[in-house]
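The figures here come from the full heavy-atom set of this structure, side chains too, leaving out hydrogens, waters and symmetry mates. Every chain is numbered from 1, with letters handed out A, B, ... down the list of sequences.
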There are 2 protein chains.
Amino acid sequence: MTKKSPSPEAVTAWARLMRVSRQLVEKTEDALKASGLPPLGWYDVLHELAEAGEGGLRPFELIDRVLLAQYGVSRLLARLEANGLVEKLPVSDDGRGQTVRITPSGRDMRRRIWAVYGASIADQMGDRLSAQDLKTLASLLGRLRDPPISD
Amino acid sequence: MTKKSPSPEAVTAWARLMRVSRQLVEKTEDALKASGLPPLGWYDVLHELAEAGEGGLRPFELIDRVLLAQYGVSRLLARLEANGLVEKLPVSDDGRGQTVRITPSGRDMRRRIWAVYGASIADQMGDRLSAQDLKTLASLLGRLRDPPISD
DNA sequence: TCAAGCTTGATGCAATTGCATCTATCCGCT
DNA sequence: AGCGGATAGATGCAATTGCATCAAGCTTGA
């Protein structure tokens, strides 16, 4: 069983992807810290819960959406709850489960994070690539996703 | 002072970039773990040191190359040294510093990691995009880098 | 019905990361 | 020479993450 070797083009693209994504995240996290706001992971969850509306979400539904391990979700939700940003409700038809819902304070926090996060995205992506290039980039990345997105 | 808002195209591209990069890393880390190999970060350092040759590198030179904080480099090098993959040499003209050099065992480990890492890159990038698309992707990502790379 | 196995979510413990600070050395200046 | 500040690297402590496992509730099939 012989191992595959990547093409030089694949290696270059990979290296850039790794470096760029880490740089973008780091700058954004720095901006959040500088504003006294919580890390990006909090935003992801608050965003999903805000989109989900009053019905909320089950923790296991968050696992794939925010790409965290089960214990990661469990602990992140505990932190959010401790900060009053989400609330956990028992769910009637499954005694094991719970439904997690964003609170008004959580919505507010989401907005405040977005003010910084959105600006960071604009700075780091919007200002550097044209709308057309951004679409091309998104499309190429979509084909790397699992499952791939063709647009 | 009004905060900038990102364009929808920028947000989509950002979201894809975040998700894809995390997915790719996670799959690769899983593959390494499955082979009983150390994490990606070890490869990065071993790779830089291998490229640097016999002269080795100073720890502070690794900071920018592998995008780790100073204490991150310090501790990662300690782990690598504890595993006999690198060696630290005092440097003559600066009593504070040290030179870090990869050992034969380190080179070997690098090769073994690459067997898995390279296959993962081939699987996840090479097999999904054409050489032309990979070049386009690398070029677009290069413009997001700091400092940007125009090719 | 009820045991075996699966799913949901939490948690003890170890490893890693982040932050702040420390030590040691070096450099520039007076 | 010697003081003040900068630089190289390490480290104590707290927070986070990863791994393994647990408890509780559900579901299936004999």
Side-chain angles (χ1 to χ4, degrees), chain A residues 22-23 25-45 48-49 56-83 85-101, chain B residues 22-23 25-45 48-49 56-83 85-101:
Chain A
R22 290 179 53 185
Q23 261 188 193
V25 168
E26 193 187 334
K27 276 205 181 163
T28 306
E29 295 281 14
D30 286 350
L32 290 172
K33 259 173 253 170
S35 301
L37 292 168
L40 274 182
W42 289 37
Y43 180 84
D44 290 345
V45 170
E48 292 299 332
L49 291 177
L57 286 176
R58 301 283 301 268
F60 71 85
E61 295 178 289
L62 279 166
I63 294 177
D64 3 305
R65 306 193 195 209
V66 301
L67 294 186
L68 280 182
Q70 180 271 320
Y71 55 80
V73 169
S74 174
R75 295 205 258 226
L76 180 44
L77 288 175
R79 267 172 260 156
L80 292 172
E81 188 185 31
N83 282 271
L85 305 178
V86 307
E87 55 191 350
K88 296 178 176 178
L89 314 166
V91 63
S92 51
D93 59 335
D94 188 337
R96 294 165 299 183
Q98 54 192 268
T99 290
V100 183
R101 198 166 57 184
Chain B
R22 291 180 51 186
Q23 261 187 196
V25 168
E26 193 188 333
K27 275 205 182 161
T28 305
E29 295 281 15
D30 285 350
L32 290 173
K33 261 173 252 171
S35 302
L37 292 168
L40 275 182
W42 290 37
Y43 179 85
D44 291 343
V45 170
E48 292 299 334
L49 292 177
L57 286 176
R58 301 282 300 268
F60 72 84
E61 296 179 288
L62 279 167
I63 293 177
D64 5 303
R65 305 191 194 211
V66 302
L67 294 187
L68 280 182
Q70 180 271 321
Y71 54 80
V73 169
S74 173
R75 295 207 257 228
L76 180 45
L77 287 176
R79 266 172 258 153
L80 292 172
E81 187 187 29
N83 282 271
L85 305 177
V86 307
E87 54 191 348
K88 297 179 177 176
L89 314 166
V91 63
S92 51
D93 60 334
D94 188 338
R96 296 165 298 182
Q98 53 192 265
T99 289
V100 182
R101 197 167 55 183

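Where DNA chain C meets chain B (any atom under 4.0 Å from a heavy atom), the bounding nucleotides read 5' to 3' are C/dT16 to C/dC26.
A/E87 places none of its side-chain heavy atoms less than 4.5 Å from the side chain of A/V100. Counting only heavy atoms from C-beta outward, the side chains of B/V73 and B/Q70 never approach each other to under 4.5 Å. Side-chain atoms of A/L32 and A/Y43, non-hydrogen and from C-beta on, never get closer than 4.5 Å to each other. Looking at B/D30 and B/E26, their side chains come closer than 4.5 Å, going by heavy atoms from C-beta outward.
Without hydrogens or angle criteria, B/R22 side chain to A/L68 main chain gives no donor-acceptor distance under 3.5 Å. Side-chain N or O atoms of B/R58 include one that pairs as donor or acceptor with a backbone N or O of B/Q98 at under 3.5 Å.
When the side chain to side chain donor-acceptor pair (under 3.5 Å) test is applied to A/R65, no partner is found at least two apart in sequence or on another chain.
A residue-by-residue look at A/K33 and A/G97 shows that A/G97 has its nearest nucleotide of DNA chain C further toward the 5' end. Annotation: of the two residues near DNA chain D, A/R79 and A/D94, the 5′-most nearest-nucleotide partner is A/R79.
Under 4.0 angstrom from either OP1 or OP2 of D/dG9 there lies at least one side-chain N or O belonging to B/R58.
With rounding to the nearest 0.5 angstrom, the CG atom of A/L62 is 5.5 Å from the CG atom of A/L49.
B/K88 has its NZ atom 9 Å from the P atom of D/dG9, to the nearest Å. Distance CZ (A/R96) to C1' (D/dA23): 12 Å, rounded to an integer number of Å.
Near DNA chain C, meaning a heavy atom under 4.0 Å away, the residues from residues 62-77 of chain B are B/Y71, B/R75.
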